[in-house]
S.K.: 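Sharing a structure here in C-alpha cells format.
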Amino acid sequence: MRETTRRVWVGGVPLGGGAPISVQSMTNTDTRDSAATLEQIQALAEAGCEIVRVAVPDEKAAEALFTLVKHSGVPLVADIHFDYRLALMALEAGVHKLRLNPGNIGDEKKVREVVRAAQERAVPIRIGVNSGSIARHLLEKYGWTATAMVESALEHVAIFERLGFHDIVISVKATDIDFTLQAYEQLSERVSYPLHLGITEAGTKWFGTIKSAAGLGALLSRGIGDTLRVSLTADPVEEVKVGWAVLSALDLRRRGPVFISCPTCGRTEINLEGIAQEVENRLSDFPLPITIAVMGCVVNGPGEARHADLGICGGKGVGLVFRRGEVVRKVREEELVDALVAEANKLLEKDRG
C-alpha cells in the first residue's frame with residue numbers, strides 16, 4: 001500500500017493524497033532563450049511529462065518565465081538558489097511551484113516574503129536536499145549518512161512550518177541507491193508531506209536508466225513517493241520515457257503500450273531481436289495502454305503470453321498473431337510486424353468507435 005501524504009497542487013496536477021504518481025523532468029536549455037525552452041517543454045509534454053522544471057539562475061531567466069508560463073501546456077517549476085528576489089519574480093510570472101531551500105535564502109524576513117507570495121498564489125515549494133548539500137553541522141554530528149540528509153531537509157521544513165506554510169514537497173536524493181532508500185524511508189516515517197523521488201546524477205542513458213529503475217522501483221514498491229524525476233545525462237525526453245516505463249513495470253500507471261518479449265533460445269527460428277525492436281519502434285507511441293508480446297516460438301507463444309492484449313510468435317519462416325491467447329492470423333515471417341500493427345489499429349478503431 002502507498003503511504004498517504006498531504007495533497008498539494010502544482011497547477012492542475014495533484015501531488016500526494018492518493019493522487020497518481022506524476023512524471024517530471026527538467027529542461028536543459030538556457031532558460032533565457034524562451035523559444036528554445038518552449039520547444040523543449042512542448043517535446044516533454046508530448047512525451048508525457050506532467051510537470052517541467054526550469055533553472056532560474058538570474059533576473060534575465062526570471063523575466064523569461066513570463067513568456068514560458070504563458071505558453072507552456074504543462075505546469076512549470078522555477079528552480080531557485082540563494083536569491084529570494086528570483087523566487088518573487090518567478091511567482092509574479094505565475095509559476096506553479098518553486099524548488100527552493102529556505103535555509104539558503106538568508107534572513108527570515110526574506111523567507112517570509114517568499115512564503116507570503118507563495119501562499120497568496122497557492123503555490124507549493126519543494127525542499128530538495130542532495131547528498132552533496134547536507135548542512136555542515138549535521139555532517140559533523142551524523143557523518144555522511146542518510147540521517148544527516150533527512151535532518152538537513154527537516155531543518156528547512158521547520159523554517160516553513162514556523163511561518164505557517166505547509167504546501168511543501170520534499171526530496172532527499174543521492175547517487176548511491178542504498179543511501180537514497182534509507183533517507184526516503186526515514187523521511188516517510190517522520191513527515192506526511194508528498195515526496196519527490198529521484199536518484200541524482202544517475203548517469204548516462206543506459207546506465208542511468210538501470211540505476212534509476214533499481215532505486216525508484218525499490219521505493220515505489222514500498223509505497224513511498226508521489227512524484228518522480230529520472231536524472232539522466234541525455235535528452236530530457238528520455239527521462240520521461242524511463243519514468244513512465246518504471247511506473248508501467250510496477251503496474252502503478254500506464255501510458256501507451258507495455259512490451260514483453262522472450263530472451264530467445266535454441267528453439268528460436270526467426271529474427272526475434274530484430275522483430276521485437278521493430279515492433280517497439282513502430283508502436284511505442286500507440287495511444288492505448290495495452291500489453292504487446294513478441295515471442296520466439298510456439299512453446300512460449302500464445303500460451304505463456306495469453307495475458308497480452310496482442311502478440312506474435314514465430315516458427316520457421318512463419319508466425320502467428322494472437323489476441324489474449326487466441327490465434328487470429330498466420331502469416332509469413334516478413335509480414336509479422338505489419339500484421340501486428342494492423343491488429344493494433346483495429347483495437348484503436350474499436351476504442352474510438
Side-chain angles (χ1 to χ4, degrees), residues 5-17 19-27 31 34 37-38 41 44-45 49-59 61-129 153-154 156-171 191-198 225-229:
T5 53
R6 293 170 58 96
R7 169 69 59 84
V8 304
W9 289 86
V10 182
V13 178
L15 302 186
I21 298 166
S22 57
V23 176
Q24 302 190 30
S25 185
M26 185 174 184
T27 58
T31 307
S34 299
T37 303
L38 278 172
I41 290 171
L44 288 167
C49 189
E50 295 163 304
I51 301 171
V52 176
R53 180 159 49 112
V54 298
V56 185
D58 55 31
E59 287 191 18
E63 290 169 359
L65 291 173
F66 287 87
T67 299
L68 298 179
V69 171
K70 182 179 179 180
H71 296 286
S72 172
V74 293
L76 296 185
V77 181
D79 193 280
I80 309 289
H81 293 276
F82 309 117
D83 192 340
Y84 83 108
R85 294 170 300 178
L86 298 179
L88 294 175
M89 289 181 66
L91 290 168
E92 185 182 350
V95 295
H96 307 92
K97 182 182 173 188
L98 295 176
R99 192 282 197 194
L100 176 152
N101 289 352
N104 297 338
I105 292 299
D107 63 64
E108 196 161 296
K109 181 180 178 181
K110 295 176 180 177
V111 178
R112 187 180 295 112
E113 195 171 345
V114 173
V115 164
R116 187 183 302 115
Q119 285 175 324
E120 289 173 353
R121 297 167 173 81
V123 171
I125 301 176
R126 173 163 71 93
I127 291 168
V129 176
L154 292 178
H156 291 296
V157 171
I159 295 172
F160 280 150
E161 290 180 334
R162 284 199 303 270
L163 296 173
F165 186 80
H166 299 281
D167 284 341
I168 300 169
V169 182
I170 311 174
S171 65
V191 299
S192 61
Y193 297 114
L195 301 182
H196 171 108
L197 303 185
D226 301 282
T227 183
L228 63 85
R229 184 232 173 155

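The figures that follow rest on heavy atoms only: side chains count, while hydrogens, waters and symmetry mates do not. Residue numbers start at 1 and run along the sequence shown.
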S.K.: To the closest 0.5 Å, what do you measure between CD (Gln119) and CG (Leu91)?
M.R.: 11.0 Å
S.K.: Looking at every non-hydrogen atom in both residues, tell me the closest pair between Ala78 and Ala90 and how far apart they are.
M.R.: CB-CB, 3.7 Å
S.K.: Step by step, would you call Ile41 with Leu76 a side chain to side chain contact (heavy atoms under 4.5 Å, CB included)?
M.R.: CA-CA 9 Å; Ile41 290 171; Leu76 296 185; 3.9 Å; yes
S.K.: Enter the distance from Ser25:OG to Glu50:CD here, rounded to the nearest 0.5 Å.
M.R.: 12.0 Å
S.K.: For a quick test of reading the model, state the closest non-hydrogen atom pair linking Asn101 to Ile127 and the distance between them.
M.R.: OD1-CA, 3.5 Å
S.K.: Looking at Val74, Ile51, Val69, Val77, which hits side chain to side chain contact (heavy atoms under 4.5 Å, CB included) with His96?
M.R.: Val69
S.K.: Quick one: do Val111 and Tyr84 satisfy side chain to side chain contact (heavy atoms under 4.5 Å, CB included)? Show the steps, please.
M.R.: CA-CA 7 Å; Val111 178; Tyr84 83 108; over 6 Å; no
S.K.: To the closest 0.5 Å, what do you measure between NE2 (His196) and NZ (Lys97)?
M.R.: 6.5 Å
S.K.: Phe165: which residues meet the ring-ring contact (aromatic ring centres under 6.0 Å, His included) condition with it, sequence neighbours left out?
M.R.: Phe160
S.K.: Mind checking whether Thr227 and Leu195 have side chains closer than 4.5 Å, heavy atoms only?
M.R.: no
S.K.: How many angstroms lie between atom OG of Ser22 and atom CG of Leu228, to the nearest 0.5 angstrom?
M.R.: 7.0 Å
S.K.: Any side-chain heavy atom of Met26 within less than 4.5 Å of one from Asp79?
M.R.: yes
S.K.: Which pair of heavy atoms, one from Ala118 and one from Ile125, lies closest together, and at what distance?
M.R.: CB-CD1, 4.2 Å
S.K.: Can you check salt bridge (charged side-chain N to carboxylate O under 4.0 Å, His left out) on Asp83 and Arg85, steps first, answer last?
M.R.: CA-CA 5 Å; Asp83 192 340; Arg85 294 170 300 178; 3.1 Å; yes
S.K.: Is Arg121 atom CZ crowded by more than 12 heavy atoms from other residues, nucleotides or ligands, each under 6.0 Å away?
M.R.: yes
S.K.: Minimum heavy-atom separation for Val56 to Leu86, with atom names?
M.R.: O-CD1, 3.5 Å
S.K.: Go through the steps for Thr67 and Leu38 under the test side chain to side chain contact (heavy atoms under 4.5 Å, CB included), then give the verdict.
M.R.: CA-CA 9 Å; Thr67 299; Leu38 278 172; 4.2 Å; yes
S.K.: At what distance, to the nearest 0.5 angstrom, does CZ of Arg53 lie from CZ of Arg126?
M.R.: 4.5 Å
S.K.: For Arg6 versus Pro194, what's the shortest heavy-atom pair and its separation?
M.R.: O-CD, 3.5 Å
S.K.: Checking Asp226 side chain against Thr5 main chain: does a donor-acceptor pair fall under 3.5 Å?
M.R.: no
S.K.: Evaluate the side-chain proximity of Ile170 to Val191: yes if any heavy-atom separation is below 4.5 Å, no if none is.
M.R.: yes
S.K.: Of all the heavy-atom pairs spanning Pro102 and His156, show the shortest one and how long it is.
M.R.: CG-O, 3.4 Å
S.K.: CG/Leu68 to OG1/Thr31 distance, rounded to the nearest 0.5 angstrom?
M.R.: 7.0 Å
S.K.: Are the side chain of Arg112 and the backbone N or O of Leu163 linked by a donor-acceptor pair below 3.5 Å?
M.R.: no
S.K.: Which residues satisfy the side chain to side chain donor-acceptor pair (under 3.5 Å) test with Asn104, sequence neighbours excluded?
M.R.: none
S.K.: Under the rule for salt bridge (charged side-chain N to carboxylate O under 4.0 Å, His left out), what residues qualify as partners of Glu92, not counting sequence neighbours?
M.R.: none
S.K.: Might you work through the side chain to side chain contact (heavy atoms under 4.5 Å, CB included) test for Leu197 and Arg229, ending with a clear yes or no?
M.R.: CA-CA 6 Å; Leu197 303 185; Arg229 184 232 173 155; over 6 Å; no
